[in-house]
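Below is one structure, written out as structure tokens, with a few remarks after it.
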Amino acid sequence: MAVTSSSMLLLRNFSTVGRVAQSVRVTSRIFFSTGELIRVLPYTRSKRLICSTRAAHNEEAAAKAAASVADTGAPTIFDKIIAKEIPSDIVYEDENVLAFRDINPQAPVHVLVIPKLRDGLTSLGKAEPRHIEVLGQLLHASKIVAEKEGILDGFRVVINNGVEACQSVYHLHLHVLGGRQMKWPPG
Ligand code: 5GP
């Protein structure tokens with residue numbers, strides 16, 4: 001699966017739908033669903049929608065500020081969280097993955113799932129065949145988080161990729177969101 005530098009991956013899960021995972025690439029946005037392919041927005045329309053609120057503008061500003069170190073491989077705040085040099089509210093941890101609550105939650109449940117070893121994965125757009133195993137581990141860990149948080153019947157997994165998708169921390173991370181009715185299209 002090809003990935004461009006400014007894509008966003010959304011994963012929505014509904015327990016009533018049991019079809020096999022699918023993925024589709026359209027322009028620079030990638031949508032996955034463990035249940036069904038929900039909808040693919042034309043890039044120009046979704047770009048307007050993604051950063052259209054005040055909160056989103058803050059996120060956009062953070063993303064632009066982070067852009068200067070985006071691909072340098074410089075350490076991020078997540079390295080300190082992994083090393084437990086700064087505190088985080090850990091929800092799940094195993095040998096390869098760490099999941100902790102987002103400091104600025106966008107839903108009652110908002111957990112970040114990250115690889116402990118970044119190994120070049122500053123963003124999903126940097127994924128290479130050697131990362132396939134850890135990418136699967138991250139998705140599986142997201143499901144475990146959803147289960148632990150009691151949102152398995154309806155949750156969303158988001159990966160912001162690149163400045164245009166409002167990525168602000170360049171250490172691959174999956175946002176696991178739930179505990180409220182999600183809207184579509186995402187904003
Ligand atoms: P992005 O915007 O790159 O997709 O997501 C980065 C996320 O990291 C944001 O939702 C932001 O709130 C979160 N974040 C940034 N710094 C910290 C931190 O120090 N601790 C925690 N728990 N989350 C953080």
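Every number for a ligand or one of its atoms is a count from 1 in the order of the listing.
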- [ ] Please state whether K80 comes within less than 4.0 angstrom of ligand 1, counting heavy atoms only.
- [x] no
Got an N/O contact under 3.5 Å between N160 and ligand 1?
-> yes
Note: ligand 1 atoms sitting under 4.0 Å from heavy atoms of Q167 are 3 (O)
Give yes or no for whether the N/O distance cutoff of 3.5 Å, strictly under, is met between I103 and ligand 1.
-> yes
So NE2 of H171 and CG of L98: to nearest 0.5 Å the spacing works out to 8.5 Å
of all protein heavy atoms, closest to atom 9 (C) of ligand 1 is D102 OD2, 3.3 Å
I'd like to know if the side chain of Q106 reaches the main chain of N104, judged simply by a donor and an acceptor atom lying under 3.5 Å from each other, with no hydrogens or angles considered.
yes
Say whether S88, considering both its backbone and side-chain N or O atoms, lies within less than 3.5 Å of an N or O atom on ligand 1.
no
Counting heavy atoms under 4.0 Å, the part of Q106 that contacts ligand 1 is neither
| task | Taking the six-membered ring for Trp and the single ring otherwise, decide whether the centroids of H173 and H175 are under 6.0 Å apart. | result | yes
Original post:
Is there a heavy atom in D89 that sits closer than 4.0 Å to ligand 1?
Top reply: no
Below 4.5 Å, heavy atoms only, C-beta onward: do N96 and L138 meet side chain to side chain? no
A student checking ligand 1 against F100 at a 4.0 Å heavy-atom cut-off should list atoms 21 (C), 22 (N)
*asked:* If you measure every N or O of V169 against every N or O of ligand 1, does any of those distances drop under 3.5 Å?
replied: yes
Rounded to the nearest 0.5 Å, the CD1 atom of I159 sits from the OG atom of S142 at a distance of 8.0 Å
Are the side chains of F78 and V169 in contact, using a 4.5 Å heavy-atom criterion?
yes
For N104, the atoms of ligand 1 under 4.0 Å from one of its heavy atoms are 12 (O)
min-distance protein heavy atom vs atom 20 (N) of ligand 1 -> I81 CD1, 3.6 Å
of all protein heavy atoms, closest to atom 6 (C) of ligand 1 is H173 NE2, 3.4 Å
The single option from L112, V97, V157, V158 that satisfies side-chain contact (heavy atoms from CB on, under 4.5 Å) with L174 is V157
With heavy atoms and a 4.0 Å threshold, my read on which part of F78 contacts ligand 1 is side chain
protein heavy-atom neighbour closest to atom 3 (O) of ligand 1 works out as S168 N, 2.6 Å
Within the 4.0 Å heavy-atom cut-off, what I77 brings close to ligand 1 is side chain
query = Does atom CD of E128 have more than 12 heavy-atom neighbours from other groups under 6.0 Å away?
reply = yes
re atom 22 (N) of ligand 1, the protein heavy-atom contact at minimum distance is R101 O, 2.8 Å
Nearest non-hydrogen protein atom to atom 2 (O) of ligand 1, with distance, is E59 OE2, 2.4 Å
Worksheet entry | Ionic contact status for K116 with E93, cut-off 4.0 Å | yes
(message) Would you say CD of E85 has more than 12 non-hydrogen atoms from neighbouring residues, nucleotides or ligands within 6.0 angstrom?
(response) yes
Can you tell if the side chain of D102 reaches within under 4.5 Å of the side chain of V111, non-hydrogen atoms only?
no
Practice item. Give the cluster check for L117 versus I114: same hydrophobic cluster or not, with ILVMFWY residues linked at side-chain heavy-atom distances below 4.5 Å. Key: no
Counting heavy atoms under 4.0 Å, the part of V158 that contacts ligand 1 is neither
